[in-house]
Amino acid sequence: MSLRTLPLLFINLGGEMLYILDQRLRAQNIPPDKAKKVMNDIITTMFNKKFMEELFKPQELYSKKALRTVFDRLAHASIMRLNQASMDKLYDLMTMAFKYQVLLCPRPRDILLVTFNHMDAIKDFIRDSPSILNQVDETFRQLIDMYTCLPSGEFQLIRQTLLIFFQDMHIRVSIFLKDKVQNSNGRFVLPTSGPVPWGTEEPGLIRIFNYKGEEVKRVQFQNGGSYISPLREGSYDLFGDRVLKLGTNMYSVSRSVETHMSGTLKSSASHTKENVAPNPLAKEELNLLAQLMGGLELKKTSGSDHSFRLNLFNDDEEEENAALLRPEELSYKVISIQANEDQERNKELSRIMGAFQSEESCVQSTSKGDDLLALMDGL
């Protein structure tokens, strides 16, 4: 398992979230000034310097629920509000889109090109806001410095870590189903043809060498597919042609997107429950989450700002039905972080939670004697 996976996971999921929100803001005819404020506020919060410093420290991935909590708070960093069902759908779309991209990467190293495609798109969202653009560029340079020098073996570990994280997620997405790249059970269909990885040859030739390393024979065979070689490698610089299209905006063309729980996922929901038994690493995980969330400085909406609700479904009735049909085991609730035994940590967590509380919903304290480990039982 790679300890350098978290920044790539967070940035790629964040990029997919911004794609979806941009598409829905347009579809619901939200006034351009409000839509721009939402995108700017979320990106500003996402690329907060202190938050990025914590994110880039080598560390293990933590649970899906902890990550979901961060994105729940991030999605509400501006004047936009999402109901539980819409937030569930948003997270489902984000995770399934990135899972598909990781599966289709020709080489493990291409995960970095996918990340750069997301970063390029994020920069385009805030091209008229120089100060925010500088924030994003600073993170972009961090990505280049940290990842471009890594060996292929490390990227293989990163890919494996990501696939382990996504392995139990089989949400059906209408775009993938219509394009026949996803089966009805929620599993992706991987192509057997297409571009080969950069630096490799099209299959169809066997070379035989002697003990001196000299080629002595060639045997050709029918590869059974249709392969093409890329003309060039994608750019790993701040600016450049990434060549790879994975990670670009698949919502740029107006398409209706729906998500459905697959039958396989419903029947195995009991196997995907997290933290049913006390987790010995739970305390450390919550402390890490507190550190990460502590770096986020959410903007408080002023009195002149009017919040609005964004619906990721076609109408309110469809949203309500989705909330009723979603299995309880797969509906991530907001994590309530409380601590009273450690005074210093309690002050820090209070500051964090105070910064995250929105005007419309606040996390209520239910018990005053719980320690950090006991609190994880509610995850």
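Keep in mind that what you see is a predicted model, and the values were worked out from it rather than measured.
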**OP:** Please say whether more than 12 non-hydrogen atoms of neighbouring residues, nucleotides or ligands are located less than 6.0 Å from CD in Gln167.
**Re:** yes
Original post:
With side chains defined as the heavy atoms from C-beta onward, is the minimum distance between Phe116 and Ile144 less than 4.5 Å?
Top reply: yes
Subject >> Arg68 and Asp72 ion-paired at < 4.0 Å >> reply: yes
Subject >> Spatial distance of atom CG (Leu310) from atom CZ (Arg81) [nearest 0.5 Å] >> reply: 12.0 Å
Subject >> Test salt bridge (Lys or Arg N to Asp or Glu O under 4.0 Å) applied to Arg107 - qualifying residues, sequence neighbours left out >> reply: Asp110, Glu233
Subject >> Stepwise side-chain contact (heavy atoms from CB on, under 4.5 Å) check, Tyr147 with Arg4 >> reply: CA-CA 9 Å; Tyr147 291 98; Arg4 299 179 184 272; 4.0 Å; yes
Original post:
Is there a chain of hydrophobic side chains (I, L, V, M, F, W, Y, each step under 4.5 Å between heavy atoms) that links Leu8 to Met146?
Top reply: yes
Original post:
Is the gap between the ring centers of Phe188 and Tyr100 under 6.0 Å?
Top reply: yes
Subject >> Partners passing side-chain hydrogen bond (donor to acceptor under 3.5 Å, both in side chains) against Thr248 (at least two apart in sequence or in another chain) >> reply: none
**OP:** Measure the spacing between CG of Leu244 and OG of Ser235 and express it to the nearest 0.5 Å.
**Re:** 12.5 Å
Original post:
Which heavy atom in Asn40 sits nearest to a heavy atom in Phe125, and how many Å separate them?
Top reply: OD1-O, 4.5 Å
Original post:
Should Phe47 and Ile122 be marked as a side-chain contact (heavy atoms from CB on, under 4.5 Å) after you check the CA-CA gap, both sets of side-chain angles, and the distance that decides it?
Top reply: CA-CA 11 Å; Phe47 290 94; Ile122 291 170; 3.9 Å; yes
Original post:
Under a 4.5 Å side-chain heavy-atom rule over Ile, Leu, Val, Met, Phe, Trp and Tyr, are Phe239 and Leu113 clustered together?
Top reply: yes
**OP:** Please determine if Asp22 and Arg26 form a salt bridge, counting it only when a charged side-chain N lies under 4.0 Å from a carboxylate O.
**Re:** yes
Subject >> Ring geometry between Phe98 and His118 (parallel below 30°, tilted from 30 to 60°, perpendicular above 60°) >> reply: perpendicular
Original post:
Where do Gln84 and Asp88 land on the side-chain hydrogen bond (donor to acceptor under 3.5 Å, both in side chains) test, with the steps shown first?
Top reply: CA-CA 6 Å; Gln84 181 71 33; Asp88 287 338; 3.3 Å; yes
Subject >> Phe165 side chain reached by Thr5 side chain, heavy atoms, under 4.5 Å >> reply: no
Original post:
CZ/Arg172 to NE2/His170 distance, rounded to the nearest 0.5 angstrom?
Top reply: 12.5 Å
**OP:** Side-chain contact test, heavy atoms from C-beta onward, threshold under 4.5 Å: evaluate it for Thr45 versus Phe51 and give yes or no.
**Re:** no
Subject >> Shared hydrophobic cluster, Val196 / Phe155 (ILVMFWY, side-chain heavy atoms < 4.5 Å) >> reply: no
Original post:
Counting only N and O atoms by type, is there a donor-acceptor contact under 3.5 Å from the side chain of Ser86 to the main-chain atoms of Asn83?
Top reply: no
Subject >> Asp128 side chain reached by Lys36 side chain, heavy atoms, under 4.5 Å >> reply: yes
**OP:** Output yes when a side-chain donor or acceptor of Asn48 lies under 3.5 Å from a complementary backbone atom of Lys50, and no otherwise.
**Re:** yes
Original post:
Just by distance, do the side chain of Tyr236 and the backbone of Leu112 share a donor-acceptor pair under 3.5 Å?
Top reply: no
Original post:
Any chain of hydrophobic side-chain contacts (each under 4.5 Å) joining Ile30 to Leu90?
Top reply: yes
Original post:
Are more than 12 heavy atoms from other residues, nucleotides or ligands located less than 6.0 Å from atom CD1 of Ile208?
Top reply: yes
Subject >> Pairing residues for Asp237 by the salt bridge (Lys or Arg N to Asp or Glu O under 4.0 Å) criterion, not counting sequence neighbours >> reply: none
Original post:
Taking side chain as C-beta onward, heavy atoms only, is Val181 less than 4.5 Å from Leu104?
Top reply: no
Original post:
Do Thr161 side-chain atoms and Ser2 backbone N/O form a donor-acceptor pair below 3.5 Å?
Top reply: yes
Original post:
Judged by atom type as modelled, is there a donor-acceptor pair below 3.5 Å linking the side chain of Thr95 to the main-chain atoms of Asp92?
Top reply: yes
**OP:** Taking all heavy atoms of Ala75 and all of Met87, pick out the closest pair and write down the distance.
**Re:** CB-SD, 4.0 Å
Original post:
Any chain of hydrophobic side-chain contacts (each under 4.5 Å) joining Leu190 to Leu163?
Top reply: yes
Original post:
With a 4.5 Å heavy-atom cut-off, do Val70 and Phe10 have their side chains touching?
Top reply: yes
Original post:
Which atom names give the shortest non-hydrogen contact between Pro203 and Tyr227, and what distance separates them?
Top reply: CG-CE1, 3.5 Å
Original post:
If you look at every heavy atom in Met46 and Gly14, which pair is closest and at what distance?
Top reply: CE-CA, 3.5 Å
Original post:
Thr44 and Gln135: which non-hydrogen atoms are nearest, and at how many Å?
Top reply: O-NE2, 3.3 Å
Subject >> Spacing of Lys217 atom NZ and Arg207 atom CZ [to the nearest 0.5 Å] >> reply: 15.0 Å
Original post:
With the threshold set at 4.0 Å, does a side-chain nitrogen-carboxylate oxygen contact exist between Arg127 and Asp124?
Top reply: yes
Original post:
Just how far is it from atom CG of Asn249 to atom CG of Leu18, taken to the nearest 0.5 Å?
Top reply: 10.0 Å
Original post:
Heavy atoms, side chains only, cut-off 4.5 Å: are Gln59 and Leu3 in contact?
Top reply: no
Original post:
Going through the distances and angles, do Ser307 and Met80 end up as a side-chain contact (heavy atoms from CB on, under 4.5 Å)?
Top reply: CA-CA 6 Å; Ser307 63; Met80 179 188 69; over 6 Å; no
**OP:** Report the C-alpha separation of Ile11 and Met119 in whole Å, then their side-chain angles, then the decisive distance to 0.1 Å, and conclude whether the side-chain contact (heavy atoms from CB on, under 4.5 Å) test is met.
**Re:** CA-CA 8 Å; Ile11 290 171; Met119 291 293 290; 3.6 Å; yes
Original post:
Hey, does Val102 have a side-chain heavy atom less than 4.5 Å from the side chain of Val114?
Top reply: no
Original post:
Do you know which two heavy atoms are closest between Met96 and Gly186, and how far apart they sit?
Top reply: CE-O, 3.9 Å
Subject >> Donor-acceptor contact below 3.5 Å, side chain Asn223 vs main chain Gly204 >> reply: no
Subject >> Donor-acceptor pair, side chain of His76 and main chain of Leu82, under 3.5 angstrom >> reply: yes
Original post:
Under 3.5 Å, is there a donor-acceptor pair linking the side chains of Glu16 and Asn12?
Top reply: no
Original post:
Do Lys123 side-chain atoms and Asp137 backbone N/O form a donor-acceptor pair below 3.5 Å?
Top reply: no
Subject >> Other residues, nucleotides, ligands: >12 heavy atoms within 6.0 Å of Glu215 CD >> reply: yes
**OP:** Sort out for me which residue in Ile132, Leu25, Ile126 forms a side chain to side chain contact (heavy atoms under 4.5 Å, CB included) with Met39.
**Re:** Leu25
Subject >> Flag, side chain of Lys99 to backbone of Met169, donor-acceptor distance under 3.5 Å >> reply: yes
Subject >> Gap between atom OG1 of Thr139 and atom NZ of Lys49 - 0.5 Å precision >> reply: 10.5 Å
Original post:
Under 3.5 Å, side chain of Glu60 to main-chain N/O of Met1, donor-acceptor pair present?
Top reply: no
